[in-house]
Amino acid sequence: MIAKVIVDVPSSQTDRTFDYEIPAEWDGVIQPGMRVVVPFGPRQIQGFVVEVVAESSHAKTKPIQDVLDVLPVLTDELLAIGDWLAEHTLCFKLSAYQLMVPAALRTKVKKEVVLLAKRDHLPSALQVYFEQNDRIEWSELMKQDKSKVKDVSQAIKAGLLEVHYQVEEKGKTKTERYIRLNENQPSLEEIPARAVKQHELLRYVQNVDKPISVSVLLKDMQTTRQTVTTLIKKGFLEEFEQEVYRDPLAGIEFARTEPLKLTEKQQNVISPILDSLDQKSHKTFLLHGVTGSGKTEVYLQAIDHALKQGREAIVLVPEIALTPQMVQRFKGRFGSKVAVLHSGLSMGEKYDEWRKIKRKEVQVVVGARSAIFAPFTNIGIIIIDEEHETSYKQEENPRYHAKDVAIFRGEFHQSPVILGSATPSLESYARAKKDVYHLLPLTERVHNRAMPHVEVVDMREELRQGNRSMFSMTLFEKLKDRVEKGEQSVLFLNRRGYSTFVMCRDCGYVATCEHCDISLTYHRSHHALKCHYCGHEEKMPETCDSCGSEHIRFFGSGTQKVEEELARVLPQARVIRMDIDTTRRKGAHEKLLSAFGRGEADILLGTQMIAKGLDFPKITLVGVLAADSMLHIPDFRSAERTFQLMEQVSGRAGRHDLEGEVIIQSYTPDHYSIELVKTHEYEPFFQMEMTHRKAGLYPPYVFMVLINISHPEITKVITVSEKIVAFLKRELSEATIVLGPVASPLARIKDRYRYQCMIKYRNEPELRQTLREIQQHFIREINQGQLQVSIDLHPYLFS
DNA sequence: AGCACGCCGACT
DNA sequence: GTCGGCGTGCTC
């Protein structure tokens with residue numbers, strides 16, 4: 001038998017299957033989706049079996065060297081998704097498969113030089129390396145001095161040395177030492193009466209009557225390793241190794257919750273979903289529910305229905321919203337049936353969660369984008385919460401969108417896919433209007449709670465009145481009022497496109513990164529300037545680099561600056577600040593939020609990360625410091641993002657008995673994306689935005705492709721870009737628009753110049769083929785180093 | 001991605 | 001004459 005294998009070499013030349021002979025002893029064992037070790041040229045590498053066939057069209061086939069899995073890591077469904085992704089995002093098949101396998105299973109190949117003859121037969125220069133051992137790692141041998149290559153290759157030819165390749169997995173399963181009672185218990189007289197600890201410990205183990213981890217046992221019994229060892233020696237206990245899961249949520253108790261009685265509106269929304277589940281038919285639903293309308297309870301009950309059918313559920317949440325509060329709702333309802341996957345887990349923890357899914361020990365996965373590849377085999381329902389979030393699109397290769405994968409899997413398993421949002425993406429809402437998706441409106445908050453009252457403050461007017469502070473009079477008064485009443489407030493500062501840069505007040509010079517065309521950000525903690533793109537750091541200048549003036553200051557508002565200002569104007573307020581700096585440490589995020597939940601602060605001040613999912617009863621005021629900071633980013637979705645964010649942030653207020661109020665500060669209060677937040681009505685915003693999209697020919701009226709070209713030499717970038725544009729204009733149909741080439745909004749990153757061009761099309765059957773040809777055409781220049789051409793179908797970021 | 005093969009310049 | 005620089009092409 002022959003196995004068709006995708007080898008672990010990410011390059012376009014190897015982006016196809018290679019045929020290998022299946023040795024007789026593995027006949028019937030090797031299946032598609034398994035990882036194998038195969039000889040490839042002079043070395044050995046890992047590969048994925050994608051097909052098993054009777055014979056090869058290839059003349060000589062080498063045998064498979066080793067099998068790495070007992071069961072396939074990729075199901076047939078996942079293999080199919082991989083192929084589909086490779087085609088639709090123009091990535092290598094290998095890269096697509098690697099998305100679906102936990103990083104711990106990825107292998108590295110260790111290259112070793114093994115001594116075959118006696119050491120003294122070697123040239124004296126090499127003998128020193130084999131004093132302790134008869135083998136040495138290649139990289140170790142080549143350290144510092146590459147001139148040894150010749151000596152080594154001669155020794156190999158002479159049969160003194162040999163090169164070995166060792167395929168090793170990166171991650172390991174974790175084991176712990178466990179104790180259990182020995183089958184034949186010796187007489188208790190073996191333990192002297194005065195050995196109290198030994199008697200206690202033995203009695204304890206007898207009572208528990210199942211294996212106990214040694215470390216837990218020692219802690220519980222307040223004793224030392226010595227006691228256990230003695231009991232083992234005397235034959236009362238035996239010790240063994242057992243595989244354990246690294247549980248990131250170990251020790252956290254989740255209070256069980258029972259299904260709530262659904263309101264009539266919730267009932268209307270859930271019944272088509274349950275119908276779809278009962279009929280085992282695929283449908284994509286767009287659940288448009290305002291903030292606080294009880295979407296999560298609908299999710300929970302729909303999942304419960306699927307579980308009762310013996311099927312599984314995947315829930316996607318934006319990374320930033322994957323807070324303990326969110327996890328708690330799922331753990332509370334489904335307990336140990338839930339696995340959680342997010343980027344905060346270590347490689348080992350991710351691997352363990354993945355194995356729980358694979359072994360069917362859990363039926364629900366809650367996770368960020370990549371959780372869509374959970375290796376379930378009987379999916380009943382897929383939920384994407386906050387479906388408009390851009391984090392569902394991966395911004396590096398493979399540039400896939402989790403929504404597309406979800407719908408693929410929904411069709412495969414004939415199960416419903418639910419896209420939930422208070423502010424759907426224009427694309428999704430437009431599809432719902434055209435009945436491609438089924439719209440499920442949930443327009444009222446539970447218990448008929450009012451939507452928060454929104455007031456937009458014109459900051460230009462404030463300035464005219466002589467208020468130069470970052471708080472308008474209104475916001476300041478209301479904050480003060482809440483602090484006095486003992487109610488809580490949330491202050492939201494949008495850092496996107498509004499960072500703290502350093503400028504000279506005399507000449508206007510702005511400190512920029514020497515490798516990237518972007519201004520440096522001031523970091524108070526180090527009193528240093530940092531580039532957010534390449535990490536370059538330099539110390540804060542004392543004088544202006546350009547004119548020597550001492551009047552060089554940082555501008556813009558960081559959360560730190562807001563915090564200082566708050567301390568000055570409202571010294572009685574207790575403030576918790578949440579941003580990247582204060583939440584970097586593991587668990588810091590939860591700590592700060594639970595402190596706020598216990599009422600240990602009056603004001604929660606933060607960036608994007610506090611916009612979503614927060615649900616605290618005492619929040620009655622939400623303040624947005626600069627609503628329009630995002631509006632001026634050169635991106636056709638900036639108005640949509642502004643509206644979504646404002647609506648999202650507003651939703652944090654008045655979710656319980658106390659009414660909520662929102663103050664939005666803006667320099668462009670009349671812009672529809674800000675103005676329409678006042679009424680919390682999505683539909684008018686949608687209509688307005690659609691007219692803009694239509695006029696500018698943007699999605700959802702067209703599809704887009706963004707091609708980014710970068711190279712250290714600007715002339716090279718320009719010639720390549722122009723060639724690409726000319727080729728596209730020639731190949732693509734008349735109706736298609738090819739824009740550019742132009743310099744990217746970030747014209748230089750890490751010393752590489754960047755140009756881009758854009759394609760807008762409605763119907764272009766040969767599109768992917770044409771784009772492949774571009775990749776193929778520049779392959780040589782890409783391979784030998786400097787040129788990069790990235791192609792993004794349906795882009796979400798334009799930098 | 002590696003690695004071998006192969007074709008030109010500067011050296012014992 | 002050879003050693004070794006790296007451009008080109010292949011890996012079942």
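The model shown is predicted, which means the values in this text are computed figures rather than measured ones. Letters A, B, ... mirror the listed sequences (proteins, then strands); counts begin at 1.
Between the side chains of A:Tyr245 and A:Glu361, at least one donor N or O sits under 3.5 Å from an acceptor N or O. A donor atom on one side chain and an acceptor atom on the other are not found under 3.5 Å apart for A:Gln788 and A:Asn708.
A salt bridge does not link A:Glu773 to A:Arg730: none of the charged side-chain nitrogens sits closer than 4.0 Å to a carboxylate oxygen. We find that A:Lys356 and A:Glu353 are joined by a salt bridge, their nearest charged nitrogen and carboxylate oxygen being less than 4.0 Å apart. Taking 4.0 Å as the cut-off between side-chain N and carboxylate O, A:Lys403 and A:Glu427 do not count as a salt-bridged pair.
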Shorter than 3.5 Å, N or O on both sides, protein versus nucleotides 4-6 of chain B: list them out with atom names.
none

Please tabulate, one pair per line, each protein N/O and nucleotide N/O from nucleotides 10-12 of chain C that are separated by under 3.5 Å, including the distance.
unit_1, atom_1, unit_2, atom_2, d
C:dT11, O3', A:Gly41, N, 3.0
C:dC12, OP1, A:Tyr20, OH, 3.3
C:dC12, OP1, A:Pro39, O, 3.2
C:dC12, OP2, A:Lys62, NZ, 2.3
C:dC12, O3', A:Asp19, O, 2.8
C:dC12, O3', A:Lys62, N, 2.6
C:dC12, O2, A:Asp19, N, 2.7
C:dC12, N3, A:His58, ND1, 3.3
C:dC12, N4, A:Arg16, NH1, 3.4
C:dC12, N4, A:Arg16, NH2, 3.4

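Taking atom CD on A:Gln98 and atom C1' on B:dA1, their separation rounds to 12 Å, with Å as the unit. If you measure from atom CD of A:Glu781 to atom C1' of C:dC6, you get 17 Å, rounded to the nearest angstrom. Regarding A:Lys111, its NZ atom lies at a distance of 8 Å from the C1' atom of B:dC3, rounded to whole Å. Residue A:Ile779 contributes atom CD1, which lies 13 Å from atom P of C:dT8 at whole-angstrom precision.
In this structure, A:Arg43 fails the cation-pi test against A:Phe40, since its NZ or CZ atom is not both closer than 6.0 Å to the six-membered ring centre and inside 45 degrees of the ring normal.
Contact annotation for A:Tyr165: backbone-only contact, meaning every heavy-atom pair under 4.0 Å involves sugar-phosphate atoms and none involves a base.
The shortest heavy-atom contact between A:Gln786 and A:Arg752 is O-NH2, 2.5 Å.
A 4.5 Å side-chain heavy-atom check between A:Glu77 and A:His413 finds at least one atom pair inside the cut-off.
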